[in-house]
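Here is the structure we will look at.
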Protein chains: 2
Amino acid sequence: MPNLADVIEAYLVELLQQAEQRSIVIQRSDLAALFACAPSQVSYVLQTRFIPQRGYLVETRRGGGGYIRITGLLPSVDELWRQALEISSFALTTNDARHLIGLLYQARLITAREARLLRVALERAVLRLEQPWHDEVRAELMRSMLATLMTSREE
Amino acid sequence: MPNLADVIEAYLVELLQQAEQRSIVIQRSDLAALFACAPSQVSYVLQTRFIPQRGYLVETRRGGGGYIRITGLLPSVDELWRQALEISSFALTTNDARHLIGLLYQARLITAREARLLRVALERAVLRLEQPWHDEVRAELMRSMLATLMTSREE
DNA sequence: TCATAAAGGTCAGGGAAGGACAAAGAAGGA
DNA sequence: TCCTTCTTTGTCCTTCCCTGACCTTTATGA
């Protein structure tokens with residue numbers, strides 16, 4: 001018997017596939033009512049399934065008329081991307097990050113500006129953190145940014 | 001069912017786009033009557049949407065013959081970068097960051113991919129930090145990334 | 001001059017979303 | 001069995017919307 005979480009995930013994926021757009025808009029309480037579960041269950045599904053690492057973007061708004069928008073990004077294209085994600089799967093030193101970014105740039109998968117952006121973000125993002133966390137957080141951030149890049153074309 | 005606030009915002013934006021000038025003049029009570037809401041609702045929309053951070057200037061006059069003038073600012077490229085830096089000079093909420101990025105994108109100062117990159121970085125980078133530091137660190141990271149983008153032309 | 005009417009401003013409060021988090025429950029592996 | 005990880009719920013919190021009551025400013029005319 002499948003999880004409720006899996007069922008909800010499948011339902012949302014189905015909605016996304018049938019949508020004209022690349023995104024759908026839902027309301028947390030509606031979905032909770034539909035599946036007769038706690039609203040926070042929906043949040044759980046979003047937090048564990050519809051994450052950047054899996055190629056999704058979630059935007060929300062609180063208050064009256066609040067909503068949740070899920071955007072499914074383009075399917076990934078290149079094996080290099082996969083490798084890049086793999087490389088940053090756990091921890092990433094500054095040097096490893098630099099090297100990886102260089103590879104992506106040489107392969108023309110990212111622009112010079114994007115490369116600089118990645119470097120700056122990865123260097124500055126960890127400044128307020130205790131040392132032991134640096135490489136881990138850097139990897140996490142790298143994965144998110146890679147997922148974003150690998151699933152979005154220039155418009 | 002969108003918010004009334006969103007509807008009013010859209011209406012005013014529409015008016016601004018159709019206007020010959022860069023500004024429009026309205027009356028609070030008229031607008032309130034048009035949308036069948038409390039006058040303070042209009043004030044709310046102005047205070048939450050048509051703010052300098054989003055590129056608008058609002059001037060009002062009370063008393064008989066009072067009015068509200070909304071001006072959409074079209075800053076020069078340099079001015080826009082400067083404003084962006086200024087906006088992120090101390091603390092930056094997720095929402096303000098989103099709008100700022102949107103502004104830069106609309107002005108074609110950054111690409112769609114770069115915009116997504118910024119958003120993801122700003123959202124994920126603060127996850128391991130205690131709440132009180134979020135906006136501050138976000139601003140710091142934003143400044144670094146802005147500086148990088150400002151000083152690097154395409155390719 | 002100054003009372004009055006006609007604007008817009010301010011603010012507290014209630015209601016309607018989603019968010020965060022702890023704790024209990026379930027599933028599966030060592 | 002026992003431990004770990006994932007799921008599910010419940011409770012309380014934050015954000016956002018909207019209104020109503022009351023305040024301040026400005027124009028005008030007696």
Side-chain angles (χ1 to χ4, degrees), chain A residues 1-12 23-51 53-54 56-71, chain B residues 1-12 23-51 53-54 56-71 91-99 123-124 126-135 138:
Chain A
M1 55 202 74
N3 288 327
L4 217 206
D6 291 338
V7 175
I8 295 177
E9 176 187 11
Y11 173 76
L12 291 174
S23 64
I24 57 174
V25 174
I26 59 167
Q27 295 209 267
R28 193 176 73 149
S29 48
D30 283 358
L31 209 54
L34 181 59
F35 289 99
C37 63
S40 46
Q41 172 75 354
V42 175
S43 298
Y44 173 74
V45 172
L46 295 176
Q47 285 159 20
T48 55
R49 271 89 166 159
F50 294 84
I51 54 181
Q53 287 88 340
R54 298 199 186 178
Y56 294 99
L57 176 66
V58 175
E59 299 161 282
T60 66
R61 179 135 157 218
R62 300 190 188 188
Y67 58 80
I68 297 175
R69 185 191 348 261
I70 307 174
T71 305
Chain B
M1 53 218 90
N3 289 325
L4 218 205
D6 290 339
V7 175
I8 295 177
E9 176 188 13
Y11 174 77
L12 292 174
S23 64
I24 57 175
V25 174
I26 59 167
Q27 294 211 270
R28 192 177 74 148
S29 48
D30 284 358
L31 210 53
L34 180 58
F35 289 100
C37 64
S40 49
Q41 173 74 354
V42 175
S43 298
Y44 173 75
V45 172
L46 295 175
Q47 285 160 19
T48 54
R49 271 89 166 157
F50 294 85
I51 55 181
Q53 286 87 351
R54 299 194 188 181
Y56 294 99
L57 175 65
V58 175
E59 301 160 282
T60 65
R61 177 107 176 244
R62 300 188 187 188
Y67 59 84
I68 296 175
R69 180 183 3 249
I70 307 174
T71 306
L92 197 63
T93 67
T94 305
N95 269 340
D96 284 345
R98 281 220 181 101
H99 282 285
E123 281 171 23
R124 313 286 301 197
V126 301
L127 288 186
R128 303 282 188 101
L129 291 167
E130 299 293 325
Q131 269 289 352
W133 301 105
H134 280 199
D135 293 352
R138 201 185 340 264

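Per chain, numbering begins at 1; letters A, B, ... match sequence-line order.
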Could you pull out all residues at least two apart from B:Ser29 that satisfy side chain to side chain contact (heavy atoms under 4.5 Å, CB included)?
none
Test of understanding: with ring pair (Phe, Tyr, Trp, His ring centres under 6.0 Å), list the residues that count as partners of B:Phe50, not counting sequence neighbours.
B:Tyr56
Would you please name every residue forming a side chain to side chain donor-acceptor pair (under 3.5 Å) with A:Gln47, sequence neighbours left out?
none
Could you write out DNA chain C as dot-bracket? Rules: Watson-Crick or G-U wobble, both distances under 3.5 Å, brackets [ ] for crossings, | for pairs with another strand, dot for unpaired.
||||||||||||||||||||||||||||||
Grab the two heavy atoms, one from A:Ile51 and one from A:Thr48, that are nearest each other, plus how far apart they are.
CD1-O, 4.2 Å
Separation of D:dC16 P from B:Ile8 CD1 (nearest whole Å)
17 Å
Rounded interatomic separation in angstrom, taking CG from A:Leu4 and C1' from C:dG25
14 Å
To the nearest angstrom, how far is B:His134 atom NE2 from D:dT15 atom P?
12 Å
Run the salt bridge (Lys or Arg N to Asp or Glu O under 4.0 Å) test against B:Asp6 and tell me which residues pass, sequence neighbours left out.
A:Arg61, B:Arg49
Does a side-chain heavy-atom distance below 4.5 Å link B:Leu57 with B:Ile70?
no
Taking atom C1' of D:dC17 as reference, at what distance in whole Å does atom CG of B:Asn3 sit?
6 Å
Could you tell me whether the phosphate oxygens of D:dC16, OP1 or OP2, come under 4.0 Å of any side-chain nitrogen or oxygen in B:Asn95?
yes
Any residue meeting side chain to side chain donor-acceptor pair (under 3.5 Å) with B:Arg69, in chain and number order, not counting sequence neighbours:
B:Glu59
Looking at residues at least two apart in the chain, or sitting in another chain, which of them share a ring pair (Phe, Tyr, Trp, His ring centres under 6.0 Å) with A:Phe35?
A:Tyr11
Figure out the CD1/C1' separation between B:Ile51 and D:dC16, and round it to whole Å.
14 Å
Kindly list each side-chain donor-acceptor pair under 3.5 angstrom involving residues 38-45 of chain A, sequence neighbours excluded, with atom names and distances?
| unit_1 | atom_1 | unit_2 | atom_2 | d |
| --- | --- | --- | --- | --- |
| A:Ser43 | OG | A:Arg28 | NH1 | 2.8 |

Hey, what are the protein-to-nucleotides 16-21 of chain C N/O distances that come in under 3.5 Å?
| unit_1 | atom_1 | unit_2 | atom_2 | d |
| --- | --- | --- | --- | --- |
| C:dA17 | O4' | A:Gly63 | O | 3.2 |
| C:dA17 | N3 | A:Gly63 | N | 3.2 |
| C:dG18 | OP1 | A:Arg28 | N | 2.6 |
| C:dG18 | OP2 | A:Arg28 | N | 3.4 |
| C:dG18 | OP2 | A:Ser29 | N | 3.1 |
| C:dG18 | N2 | A:Arg62 | NH1 | 3.3 |
| C:dG19 | OP1 | A:Thr60 | OG1 | 3.1 |
| C:dG19 | O4' | A:Arg62 | NH2 | 2.9 |
| C:dG19 | N7 | A:Arg28 | NH1 | 3.2 |
| C:dG19 | N7 | A:Arg28 | NH2 | 3.1 |

Would you say B:Arg49 reaches D:dC17's phosphate, i.e. side-chain N/O to OP1/OP2 under 4.0 Å?
yes
State whether B:Tyr44 places a side-chain N or O below 4.0 Å from either non-bridging phosphate oxygen (OP1 or OP2) of D:dC18.
no
Separation of D:dT19 C1' from B:Phe35 CZ (nearest whole Å)
17 Å
Taking atom P of C:dG9 as reference, at what distance in whole Å does atom CG of B:Leu31 sit?
12 Å
Check the distance between C:dG8's C1' and B:Ile70's CD1 and give it to me in whole angstrom.
13 Å
